> 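My structure is below; once you've seen it, I'll send some questions.
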2 protein chains.
Amino acid sequence: MNIGEIARRAGVSRSTVSYALSGKRSVSEETRRRVQQVIDELGYRPNASARALANGRTNTIGLVFPPAGNHYTGMQLDFIGSVVEAAAAHDYDVLLSPSGADSDRSFQRLLAERRVDGAILMEIRLQDDRVDHLGEENFPAVCIGRTAQPEGSWWVGLDHTALTAACVSHLADLGHRRIAFVNRPEHLLRAGYESAHRGLDGFTEAAAERGLTVRTYRCGDDAPAGQECLERILREDPDTTALVTLNEAALGGLYRGLAMAGRQIPRDFSVTGVVAGRWAETVTPPLTAADVPAEQLGRLAVELLVERIGHPDAAPRHHLLTPPISLRASTGPAPGRR
Amino acid sequence: MNIGEIARRAGVSRSTVSYALSGKRSVSEETRRRVQQVIDELGYRPNASARALANGRTNTIGLVFPPAGNHYTGMQLDFIGSVVEAAAAHDYDVLLSPSGADSDRSFQRLLAERRVDGAILMEIRLQDDRVDHLGEENFPAVCIGRTAQPEGSWWVGLDHTALTAACVSHLADLGHRRIAFVNRPEHLLRAGYESAHRGLDGFTEAAAERGLTVRTYRCGDDAPAGQECLERILREDPDTTALVTLNEAALGGLYRGLAMAGRQIPRDFSVTGVVAGRWAETVTPPLTAADVPAEQLGRLAVELLVERIGHPDAAPRHHLLTPPISLRASTGPAPGRR
DNA sequence: CCGAGATGTCGAACCGGTTCGAAGAATGCG
DNA sequence: CGCATTCTTCGAACCGGTTCGACATCTCGG
């Protein structure tokens with residue numbers, strides 16, 4: 001059931017079958033029909049490895065995603081799904097590569113063994129050797145997020161600085177003067193995670209501009225950590241009336257902490273942050289948040305990557321998204337005001 | 001930078017390089033060292049396509065997962081992560097294949113084009129033509145869940161019948177007499193989703209055995225649908241005091257509905273179901289639930305698949321898991337009792 | 001000292017496609 | 001009618017590995 005078999009049954013040469021399928025040279029209408037008929041009868045499909053070997057393209061893209069040690073967030077899930085779908089629309093398959101402790105091994109596999117035509121990198125760091133490395137080799141890659149010097153590279157990302165700043169403004173406009181910031185965990189900050197750092201910057205600057213009193217926290221990626229973090233916030237400054245968070249996985253815990261402390265949202269305390277819309281609606285009251293457009297990010301990343309694969313020398317492109325804040329029910333006027 | 005180049009620089013033939021790497025024939029210690037040195041200097045890694053073509057194995061497994069139209073659940077995310085990790089441990093890569101509207105196209109690609117050595121199928125249906133099809137071809141596959149006639153196939157799954165029955169018993173022991181069941185959406189039931197059907201069966205049988213009054217509902221996979229569903233439950237039988245759910249994505253909405261109706265969990269109303277542990281802890285109060293061991297399921301699936309790939313004629317194996325119910329804080333004695 | 005067996009290496013064939021150059025047939029034009 | 005052009009098809013080479021059979025060399029026992 002290979003191309004030779006098809007050729008034999010159709011009474012033509014292997015190359016003719018190949019041309020009949022690819023259309024790269026003209027083939028008589030009659031021959032084409034005969035070949036097609038044999039193919040349909042046998043249900044033949046060309047072997048992907050052989051094809052990849054011959055023309056140097058695998059029609060596969062690599063998705064380098066965080067290891068399970070990090071707790072996954074809903075946003076990441078939506079993102080992966082949309083990448084796979086967008087890739088399928090462009091006739092690409094998606095190969096997953098966990099970037100982790102032995103990131104080298106898995107990552108090298110993808111590139112050096114030429115398993116993929118290009119890669120999408122999640123969880124970018126401000127200083128990211130993976131990006132540097134890919135840049136040197138001019139390997140087609142698109143980052144989700146941007147490094148400290150993103151000039152030469154292709155990326156799509158959120159403007160976390162602007163988003164957290166918008167959250168601060170929103171709260172300040174409601175009269176809140178003492179606000180906490182709940183970031184991702186310590187180790188991700190130390191590793192230089194882009195979103196955590198830029199989000200923190202945006203928060204800090206906007207708060208300074210508005211003259212607010214703030215405290216910033218790092219919080220583990222799960223509900224118990226969120227609860228604990230909230231307890232700390234109220235302990236260290238009981239007059240805090242609002243918080244901004246980037247930590248989707250801790251959100252449920254933050255809510256729980258507030259409930260246990262007897263603070264009602266949004267009457268006594270406002271909560272907002274950067275969270276994918278679908279997940280912002282799972283908490284009660286639904287979270288007012290900058291909705292992470294995970295689906296759009298995935299689609300754009302694939303489109304950029306496909307373009308880059310097709311035009312290896314094209315100038316770098318990128319998309320910086322700044323989704324608006326969706327007003328739901330978790331923020332309100334500061335207590336004692338209005 | 002191919003094997004011929006290595007051979008030339010090391011002053012040996014291509015086959016010798018191959019044997020030096022694979023160890024399938026003896027190579028003198030000195031030659032091996034020289035070859036290895038050249039390889040290290042050049043950072044050579046054998047081309048995956050060429051290797052796959054030559055020995056007929058891609059070292060890749062396919063993960064057939066639900067299309068984005070279905071809303072993903074946290075459990076699925078954890079599962080995918082653990083599959084990727086377990087696969088990496090066995091030196092396999094993971095190729096994602098969305099099974100959806102054009103499932104044929106993507107699915108056929110995987111198999112007929114020999115992109116993968118085996119496949120893991122998520123979201124099994126009681127009657128599943130994908131499974132039948134793979135069975136006929138004796139293609140190495142492992143199902144997550146079991147079909148109506150699972151005898152000939154390899155699978156790992158949860159005993160949803162036993163799990164929902166256990167939930168019912170738990171509630172009955174607490175004195176609840178009127179219980180609702182919140183299932184997955186209508187269209188998934190019509191499609192024959194295994195977990196939805198078996199879960200429903202287990203619930204119904206256990207309730208009948210205990211002589212309980214029950215109602216069953218189908219609920220969309222998101223928070224607003226959950227909220228709406230809960231409103232319906234209380235409207236159609238205001239004396240309902242507990243519910244069992246399989247619908248992780250609707251959980252937040254169910255909780256919200258209860259809060260809006262002024263029913264306090266667990267004082268006025270108990271909630272339980274089958275939900276991955278990490279996600280059961282995001283709601284307040286934390287959900288008493290049969291914890292879906294997503295990580296274990298992924299690991300076991302990969303192990304079975306790797307074994308099956310290695311031994312094409314081995315007898316079918318499977319794992320049926322029945323995780324215990326983790327007592328958290330969402331269930332309590334029926335109101336008016338003790 | 002000779003033959004058997006083990007050891008190390010090589011060339012060639014093969015996996016299943018794609019693509020190039022060339023050749024034969026058909027067609028068009030002067 | 002002859003020559004140039006186009007259309008159609010074929011064979012061969014190639015992509016980059018693996019593997020088989022053969023051959024040369026070395027080792028050891030009788």
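By convention in this document, chain letters (A, B, ...) are assigned in the order of the sequence lines, proteins followed by strands, and residues within each chain are numbered from 1. Worth saying up front: this structure is predicted, and the values here are computed from it rather than measured.
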> Between B/A54 and A/R25, just flag the one whose closest nucleotide in DNA chain D comes earlier from the 5' side.
A/R25
> To the nearest Å, give me how far apart CG (B/L21) and C1' (C/dT9) are.
16 Å
> Strictly below 4.0 Å: does A/S28 bring a side-chain N or O up to OP1 or OP2 of D/dT9?
yes
> Can a salt bridge be assigned to the pair A/R33 and A/E30 using a cut-off of 4.0 Å between side-chain N and carboxylate O?
no
> With a non-hydrogen cut-off below 4.0 angstrom, is B/T31 in contact with a base, only sugar-phosphate, or nothing?
sugar-phosphate
> Given A/Y193, which partner from the list A/L188, A/I124, A/D128 fulfils the side-chain contact (heavy atoms from CB on, under 4.5 Å) test?
A/L188
> Classify the side chain of A/R14 and the base of C/dG17 as holding, or not holding, a donor-acceptor pair under 3.5 Å.
yes
> Is the shortest side-chain N/O distance from B/S26 to OP1 or OP2 of C/dG8 below 4.0 Å?
yes
> Which is more 5' along DNA chain D, the nucleotide nearest A/T16 or the one nearest B/K24? Just name the residue.
A/T16
> Quick one: on DNA chain C, does B/S13 or B/L53 contact a more 5' nucleotide (nearest heavy atom)?
B/S13
> Salt bridge or not for B/E194 and B/R146, using N-O below 4.0 Å?
yes
> Going from CG on A/L110 to CG on B/D93, what distance comes out if it is rounded to the nearest 0.5 angstrom?
6.0 Å
> Find the distance B/E5:CD to D/dG16:C1' and express it as a whole number of Å.
13 Å
> Once hydrogens and angles are ignored, does a donor-acceptor distance under 3.5 Å link the base of D/dG16 to the side chain of B/S49?
no
> Output the rounded distance in Å from CD (A/E30) to C1' (D/dT9).
13 Å
> Angle, rounded to 10°, between the helical axes spanning five pairs at each terminus of the helix from C/dC1-D/dG30 to C/dG30-D/dC1?
50°
> Could you check how far CG of B/N59 sits from C1' of D/dT18, rounded to whole Å?
14 Å
> Do B/R114 side-chain and C/dG17 base share a donor-acceptor contact under 3.5 Å?
no
> Would you say the base of D/dC7 and the side-chain of A/Y19 have a donor-acceptor pair closer than 3.5 Å?
no
> Using a 6.0 Å cut-off, check whether atom CZ of A/R114 has over 12 heavy atoms from anything other than its own residue.
no
> Among D/dG17, C/dG17, C/dG8, which is the nearest nucleotide to the side chain of A/Y44?
C/dG17
> Which heavy-atom pair separates B/P316 from B/G152 by the least distance, and what is that distance?
CG-O, 3.4 Å
> What's the CG-P distance between A/N47 and D/dC15, to the nearest Å?
18 Å
> In terms of side-chain heavy atoms of B/I3, which of D/dT18, D/dC15, C/dA22 is nearest?
D/dT18
> Whole-Å distance between D/dG17 C1' and B/M1 CE?
16 Å
> Between A/R51 and C/dT18, is there a contact of a side-chain N or O with OP1 or OP2 at under 4.0 Å?
yes
> Which atom pair, heavy atoms only, marks the closest approach of A/V156 to A/V142?
N-CG1, 4.3 Å
> Might you confirm whether atom CD of A/E41 has over 12 heavy atoms from other residues, nucleotides or ligands at distances under 6.0 Å?
yes
> Nearest to the B/S15 side chain among C/dA12, C/dT18, D/dC10, which nucleotide is it?
C/dA12
> Please report, rounded to the nearest Å, how far the P atom of C/dT18 is from the CD1 atom of A/I6.
12 Å
> Is A/N2 near enough to C/dG16 that one of its side-chain N or O atoms lies under 4.0 angstrom from OP1 or OP2?
yes
> Under a 4.0 Å N-O cut-off, is there an ion pair linking B/R317 with B/E307?
yes
> Taking only the side-chain nitrogens and oxygens of A/S18, find out if one of them lies under 4.0 Å from OP1 or OP2 of C/dT18.
yes
> CZ of B/R57 versus P of D/dG17: gap in Å, rounded?
18 Å
